[in-house]
Amino acid sequence: MCFGHDGEGALRRSLEEKGASRRTLFRGAALGAAGVAAVGSGLVQPAAAGDRHPGPDRHGQHGRRRGVPHDRVSIQLYTLRAALGGDPGFDVVLERLAQYGYERVELAGYYGRTAAGLRDFLDGLGIRATSSHDGISADRTALRTKLENAVTLGQRYVVVPYLASSSLADWQRWADQMNAEAQLARRYGLRYGYHNHAHEFTTDLGGGVTPWEVLTERLDPRLVHLEVDLYWAYTGGVAVGAADPDRFAIDVVRQAPQRVLQYHVKDRDAATGDMADLGTGVIDFPRIFRAHRVEEYIVENDTPDVTPLTSAAVGHLYLDHVRW
């Protein structure tokens, strides 16, 4: 990642300053990133950035770990959908992500390219599409096409991004179908996952049973993993009145029989409850990261604070330097 003249050193020093406002400083970095992105150069030249836990952790150790491992940071391209499909366009956006230091992306469509053509383009940038969001397939032919495309792209994961119903039978049927799709995905060398929102924790399917209970009881943990969206898990905790929404999210992760292999790392604005750029909201990511490590930490913000590219830049910046 390129920060310009001694930007890395300046960022490192600023992260060590105690008492700094994390929200103000990361939003300042975001605005700086927006200006840089607008002129088409480099990443961020931040004057400072904050840290939620500058002092000792619960083990009395200072800076037990700094930064998510670089090769585990990804971004869900849905964050960038407006820029990908409009201005500055797909090619420029992916080139910018490579400049920001991203080596992985999670796909949300191919933007008019074939799987093979997209693989060639990403290879040229040094980016790998390791994961994708794909709905449950309509039939066996569609499922095979989905899995074959994922293999062509070099993916490790395919993830169902969204299901919603107030019918218990629907969730039972979907869980069974995901198990069947995951069985075939394994033959292709792929991991098959499910991505949550908040309604899985709050929808009453009858007798107080929730979709999350159905999924975690019915999905085969040998075949299906979870991609836990931390914003939505935290928001689910808020919705059910949890005294500690961070703990609620941790319990979601640790109590599921299925393995949690991926996180969507998305912050929550303290005032509005909306999504926020990483480091500017209230979610205690270091606490969650310490409780459970995953194979991919995927930056996402459905409603970017400044611009989509700014969210991408600040997200990578945060995960590079968060202390946990």
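- The aromatic rings of Phe90 and Phe121 sit tilted relative to each other, their planes meeting at an angle between 30° and 60°.
- Remark: side-chain polar atoms of Lys146 are paired, donor with acceptor, to backbone N or O of Gly135 under 3.5 angstrom.
- We find the CZ-NE2 distance between Arg254 and His292 to be 9.0 Å, quoted to the nearest 0.5 Å.
- Here Ser137 contributes atom OG and Met178 contributes atom CE; the two are 12.0 Å apart, rounded to the nearest 0.5 Å.
- A heavy-atom distance below 4.5 Å is found between the side chains of Tyr192 and Val160.
- Using a 4.0 Å cut-off between a side-chain N of Lys or Arg and a carboxylate O of Asp or Glu, Arg173 and Asp176 do not qualify as a salt bridge.
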Before you tell me yes or no, could you show the steps for Thr272 and Asp269 under side-chain hydrogen bond (donor to acceptor under 3.5 Å, both in side chains), namely the whole-Å CA-CA distance, both residues' side-chain angles and the distance that decides it to 0.1 Å? CA-CA 6 Å; Thr272 67; Asp269 186 87; 3.2 Å; yes
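- Heavy atoms of other residues, nucleotides or ligands lying less than 6.0 angstrom from CZ of Arg218 number more than 12.
- Residues Leu223 and Asn179 approach most closely at CD1-O, 3.7 Å, considering heavy atoms.
- Residues Phe248 and Val238 are not in side-chain contact: their nearest non-hydrogen atoms beyond the backbone lie 4.5 Å or more apart.
- No side-chain donor-acceptor contact under 3.5 Å links Tyr157 to the backbone of Glu227.
- Listed by chain and residue number, nothing satisfies the side chain to side chain donor-acceptor pair (under 3.5 Å) test with Arg72 (two or more places apart in sequence, or in another chain).
- Judged by distance alone, the side chain of Arg268 and the main-chain N or O of Leu230 form no donor-acceptor pair under 3.5 Å.
- A salt bridge links Asp244 with Arg287; the closest basic N to acidic carboxylate O contact falls under 4.0 Å.
- For the atom pair CH2 of Trp212 and CG of Leu226, the computed distance is 4.5 Å after rounding to the nearest 0.5 Å.
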Given side-chain hydrogen bond (donor to acceptor under 3.5 Å, both in side chains), test Tyr194 with Gln258 step by step and report yes or no. CA-CA 10 Å; Tyr194 181 78; Gln258 295 76 20; over 6 Å; no
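- Linking Ile, Leu, Val, Met, Phe, Trp and Tyr whenever their side-chain heavy atoms come within less than 4.5 Å leaves Val159 and Trp174 in two separate clusters.
- Rounded to the nearest 0.5 Å, atoms OG (Ser131) and CD1 (Ile75) are 13.5 Å apart.
- Residue His316 holds its NE2 atom at 9.5 Å from NE2 of His321, rounded to the nearest 0.5 Å.
- Between Trp171 and His199, the ring-plane angle classifies as tilted under the 30° and 60° cut-offs.
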Would Glu295 and Thr130 satisfy side chain to side chain contact (heavy atoms under 4.5 Å, CB included), going step by step from the backbone distance to the final call? CA-CA 11 Å; Glu295 295 178 359; Thr130 53; over 6 Å; no
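- Under the 4.5 Å side-chain criterion, counting only non-hydrogen atoms from C-beta, Tyr234 is in contact with Val282.
- In this structure, OG1 in Thr310 is found 9.0 Å from CG in Asp305, a value given to the nearest 0.5 Å.
- Residues Val209 and Leu219 fall within the same hydrophobic cluster, defined by Ile, Leu, Val, Met, Phe, Trp and Tyr side chains chained together at heavy-atom separations under 4.5 Å.
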Could you go step by step and tell me if His195 and His133 meet the side-chain hydrogen bond (donor to acceptor under 3.5 Å, both in side chains) rule? CA-CA 9 Å; His195 169 273; His133 274 189; 4.8 Å; no
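- Looking at heavy atoms from C-beta onward, Val253 lies out of side-chain contact with Asp251 at the 4.5 angstrom threshold.
- Side-chain contact between Leu205 and Glu213 is absent, with no heavy-atom pair separated by less than 4.5 Å.
- When side chains are defined from C-beta on, Leu278 counts as touching Asp267, because their heavy atoms get closer than 4.5 Å.
- A distance-only check finds no donor-acceptor pair linking the side chain of Thr210 to the backbone of Thr202 [under 3.5 Å].
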Between Asp302 and Lys266, does the side chain to side chain contact (heavy atoms under 4.5 Å, CB included) criterion hold? Intermediate values first, please. CA-CA 9 Å; Asp302 297 7; Lys266 181 193 308 176; 3.8 Å; yes
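- Tyr297 and Leu261 fall into different hydrophobic clusters, where Ile, Leu, Val, Met, Phe, Trp and Tyr are joined by side-chain heavy atoms under 4.5 Å apart, directly or via other members.
- The nearest pair of heavy atoms linking Ala291 to Ile250 is CB-CG2, 3.8 Å.
- Residues satisfying the side chain to side chain donor-acceptor pair (under 3.5 Å) criterion with Asp134, sequence neighbours excluded, are Ser132.
- In terms of modelled atom types and a separation under 3.5 Å, the side chain of Asn149 and the main chain of Ala115 share no donor-acceptor contact.
- Counting only heavy atoms from C-beta outward, the side chains of Val228 and Asn196 approach each other to under 4.5 Å.
- Residues Asp277 and Ser311 have side chains that bring a donor and an acceptor to within less than 3.5 angstrom of each other.
- When hydrophobic clusters are built by joining Ile, Leu, Val, Met, Phe, Trp and Tyr residues whose side-chain heavy atoms come closer than 4.5 Å, directly or via intermediates, Val306 is not grouped with Val92.
- The hydrophobic clustering, which links ILVMFWY residues whose side-chain heavy atoms are closer than 4.5 Å, places Ile298 and Leu84 apart.
- The pair Asp120-Arg113 fails the salt-bridge criterion, with no side-chain N (NZ, NE, NH1 or NH2) lying under 4.0 Å from an Asp/Glu carboxylate O.
- One N or O on the side chain of Arg81 and one on the backbone of Tyr78 form a donor-acceptor pair closer than 3.5 Å.
- Of all non-hydrogen atoms in Leu107 and Tyr110, the two that sit nearest each other are CD1-CE2, 3.9 Å.
- Contact between Ala249 and Ala233 at its shortest, heavy atoms only, is CB-CB, 3.9 Å.
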Steps toward side chain to side chain contact (heavy atoms under 4.5 Å, CB included) verdict (Leu80, Leu97): CA-CA 10 Å; Leu80 297 144; Leu97 292 180; 3.8 Å; yes
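- Counting heavy atoms from C-beta on, the side chains of Asp284 and Ile288 never come closer than 4.5 Å.
- Aromatic ring centroids of Tyr263 and Phe285 lie 6.0 Å or more apart.
- Under a 3.5 Å cut-off, the side chain of Arg128 and the backbone N or O of Glu103 do not form any donor-acceptor pair.
- His197 contributes no side-chain N or O that, together with a main-chain N or O of Leu163, makes up a donor-acceptor pair within less than 3.5 Å.
- With respect to the salt-bridge test (charged N to carboxylate O, under 4.0 angstrom), the residues Arg156 and Glu296 do not qualify.
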Side chain to side chain contact (heavy atoms under 4.5 Å, CB included) assessment of Tyr102 paired with Val299: CA-CA 10 Å; Tyr102 284 99; Val299 173; 3.6 Å; yes
